[in-house]
A.B. asks: 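Sharing a structure here in structure tokens format.
Per chain, numbering begins at 1; letters A, B, ... match sequence-line order. Treat the numbers as computed from the prediction; the structure is a model and nothing was measured.
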Amino acid sequence: MPSDTHTIKGLKLVSPPLLYAVLLLAGPLGMILLFSFLPQPDNPTEATFTLSNYAEAFNDPIYPELLRRSLLISGAVTVVTVLLAFPIAYFISFHVSPRHKSLWLFLITIPFWTSYLIRVFLWKVILGFNGVVNSSLMGLGLIETPLQFILYNPTAVVITLAHAFAPFAILPIFVALEKIDRSLLEASRDLGENRLTTFIRVTLPLAMPGVLASILIVFIPTVGDYVTPEQVGGPGGTMIANMIQLQFMRLDNQPMGATLSVLTMASVTVIALILLVLNRPFLRTQR
Amino acid sequence: MTMITLQGVEKHYGDYHALRGINLDIQAGEFFSLLGPSGCGKTTLLRTIAGFEDVTDGTVTIDGQPMANVPANRRPTNMVFQSYAIFPHLNVAQNVAFGLRRRKDLNAAARNTLVEDALDMVGLDGYGKRAAHALSGGQRQRVALARALILKPKVLLLDEPLSALDKKLREQMQSELRRLQRQVGITFILVTHDQEEALIMSDRIAVMFEGQIAQLADPQTLYRRPISRQVGEFIGVMNILPAEVKIAVGARIAVDVAGLGPVMLTPDQCPAGAKTGQTHVGIRPETMAIAFENDTDTGNLIDGQVEEVAYYGDMTYYDVRLQNIERPVTISMKNLVGRHVLQRGEKTKVRWDERSLVLFKQ
């Protein structure tokens, strides 16, 4: 069958990156999974394979609390980012003339010219005790003492991550909006809907695949982010990745670190699947 | 009763004038067509009626109501888009019911009945659950029609609705649209660049060039008495011959036509106020004939030589060179029983009749 040779051709084409992905993604993933069933270093008497790491992860209150907090912070980052990204994507798609669209997209990617780490430090400078925000507000006489609730807490993590992931959220929504046939919006107006109801009944449902892509693109990596909480999170903003890093690097407890990694990935996978299922009606309509 | 009145409608995009002073009355229950080449402003005109374009100047009145400041969603018009604009996230029934959301007086059952009736009317009964992307072009077209007609608009606007369909389907939809229009009695306004489609379907046709209406007439008048050379050449095939008006006194108009010779024309063949001087006449290919030995038709005979032959099966088109004329004339002949097809280069006689000539303005 011709489709078979087609498939083979396709496989040949993707084989180098596929091999790379298998070696550098599937391999380490398998290792992490394996590690999570090994006994911890301070418990050498246990059997070769054990579930005690998982038992500990569920029973010690700190781990579920950290995971819950990570998911909540990521959720907040996702909501903030996507809510801010949508109007920007909408503006570029609907109100920027076609000639200037690529310029706008280019401008949006400018923050990426700076390394992620430097951007995190910059937010530290902006939000800090003697930072830009505080000195400006004090200089204007709006506050007497520096605001302390803006750095070293979950709010700072949300602000920093939302800024870092904004372009990732804007682009998929922009692409989805660009794909909407403009005559559909006119048809909706023609059939009696005003601007707002047209947006709700036509634009938004058709943009949902892009919105969902944005949600996943922001949510999945931010759950496991550890640089930002480390730098701007303070004690209240510590996330699960910081604990995983602690287990691997400081406590030399690879099995526990691996277990927490597996549990984090499992949570993210479950949430992503639930989102996909909920959005099935919108995803199915793509031609 | 007048359904739509356009007065001095202008539409400017910067320096570009898409519509220049359109004055038009469209009657209730009429099948009206806007016909013209692409870029003539016919779609812009339709969109000003629908409310998608603001007029730069002039007024649009629908059913006695001035439409300035009335947005598209509040106008008593519905549109069938060229792309059909079927909502891809909704199934057929949801598409058809889209505009019913505002009808608070309907319960779910009544709504379903309306949707089923509308689908039935366009021959799509039982397709309600079908996904929008699983439809063929012709079916999309029908869904778009049902979706518009279910709202019982005063005016249905059709923007080149048949141009994406293949020939067979297009012809079928033409007669079906005509039947639907008679059945529902709604005013239909069709935009098309296909002159044959306009002739077949319309009660009246407005031919547009460069943002202006060149001629507004019923199909027969439009075809037989085009007002200008441009209209004549746009509607079907027309031979254009140079001519000189020798005498123009009241009902006596004497014209010397290149290739055909001197003729007397009646006033209805001539533009109002024809005066002496150089101009052109038009004559349709089917009103001229190759004179075969055995036919007994009357008319003037003239010598010619066949330059090109195009055989269409039911018809043959000849390009025939006449004396004293630069371009050959096109003549169409039905391929009747016992009538042979001439060869290129054959000498022949051409029969023509001065009653089929149209004199154009200088």
A.B. asks: Using heavy atoms and a sub-4.5 Å threshold, report which of residues 117-130 of chain B line up against chain A, by residue number.
C.D. replies: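 Within residues 117-130 of chain B, no residue comes under 4.5 Å from chain A.
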A.B. asks: Check whether any side-chain heavy atom of B:Phe87 lies under 4.5 Å from a side-chain heavy atom of A:Ser188, and answer yes or no.
C.D. replies: yes
A.B. asks: For atom NZ of B:Lys152, decide whether the heavy atoms of other residues, nucleotides or ligands shown that lie under 6.0 angstrom number more than 12.
C.D. replies: no
A.B. asks: Above 12 or not: heavy atoms from other molecules or residues under 6.0 Å from OH of A:Tyr226?
C.D. replies: no
A.B. asks: Taking A:Gly192's backbone N and O only, do any of them form a donor-acceptor pair with B:Arg102's side chain (distance below 3.5 Å, no angle check)?
C.D. replies: yes
A.B. asks: Keeping the roles fixed (side chain from A:Arg201, backbone from B:Phe98), state whether a donor-acceptor pair exists under 3.5 Å.
C.D. replies: yes
A.B. asks: Between B:Phe81 and chain A, which part of the residue has a heavy atom less than 4.5 Å away: side chain, backbone, both or neither?
C.D. replies: side chain
A.B. asks: Is it the case that more than 12 heavy atoms not belonging to B:Lys104 sit under 6.0 Å from its NZ atom?
C.D. replies: yes
A.B. asks: Just wondering, are more than 12 heavy atoms of other shown residues or ligands nearer than 6.0 Å to CZ in B:Arg74?
C.D. replies: no
A.B. asks: Are there over 12 heavy-atom neighbours, none belonging to B:Asp15, within less than 6.0 Å of that residue's CG?
C.D. replies: no
A.B. asks: Could you check whether any side-chain heavy atom of B:Pro88 comes within less than 4.5 Å of a side-chain heavy atom of A:Leu184, counting everything from C-beta outward?
C.D. replies: yes
A.B. asks: Does the side chain of A:Glu186 come within less than 4.5 Å of B:Arg47's, by heavy atoms?
C.D. replies: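 Yes, at least one pair of side-chain atoms sits under 4.5 Å.
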A.B. asks: Counting heavy-atom pairs under 4.5 Å with chain A, which one of B:Ala85, B:Pro153, B:Gly99, B:Ala144 comes out on top?
C.D. replies: B:Ala85
A.B. asks: Quickly, which of B:Asn73, B:Asn78, B:Ile150 forms a side chain to side chain contact (heavy atoms under 4.5 Å, CB included) with A:Leu191? Name it, please.
C.D. replies: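 Among the candidates, only B:Asn78 passes.
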A.B. asks: Any side-chain heavy-atom pair from B:Pro71 and A:Asn194 closer than 4.5 angstrom?
C.D. replies: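 No; the side chains remain at least 4.5 Å from each other.
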A.B. asks: For B:Ile86, is it the side chain, the backbone, both, or neither that has a heavy atom closer than 4.5 Å to a heavy atom of chain A?
C.D. replies: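 For B:Ile86, backbone heavy atoms alone lie under 4.5 Å from chain A.
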A.B. asks: Could you look at A:Thr197 and say if it's the side chain, the backbone, both or neither that has a heavy atom under 4.5 Å from chain B?
C.D. replies: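 Answer is side chain: those atoms of A:Thr197 sit under 4.5 Å from chain B.
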A.B. asks: Just wondering, do A:Asp190 and B:Arg75 contact through their side chains at under 4.5 Å, heavy atoms?
C.D. replies: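 When only atoms from C-beta onward are counted, A:Asp190 and B:Arg75 do not touch, as no gap falls below 4.5 Å.
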A.B. asks: Just wondering, more than 12 heavy atoms not from A:Arg99 lying within 6.0 Å of its CZ?
C.D. replies: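 It does not: A:Arg99 CZ has 12 such atoms or fewer within range.
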A.B. asks: With a cut-off of 6.0 Å (strictly less than), are more than 12 heavy atoms of other residues, nucleotides or ligands near CG of B:Asn112?
C.D. replies: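 Yes, CG of B:Asn112 has more than 12 neighbouring heavy atoms, counting only those of other groups under 6.0 Å.
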A.B. asks: Count the heavy atoms of every other residue, nucleotide or ligand shown that sit under 6.0 Å from CG of B:Asp166, and state whether that count exceeds 12.
C.D. replies: yes
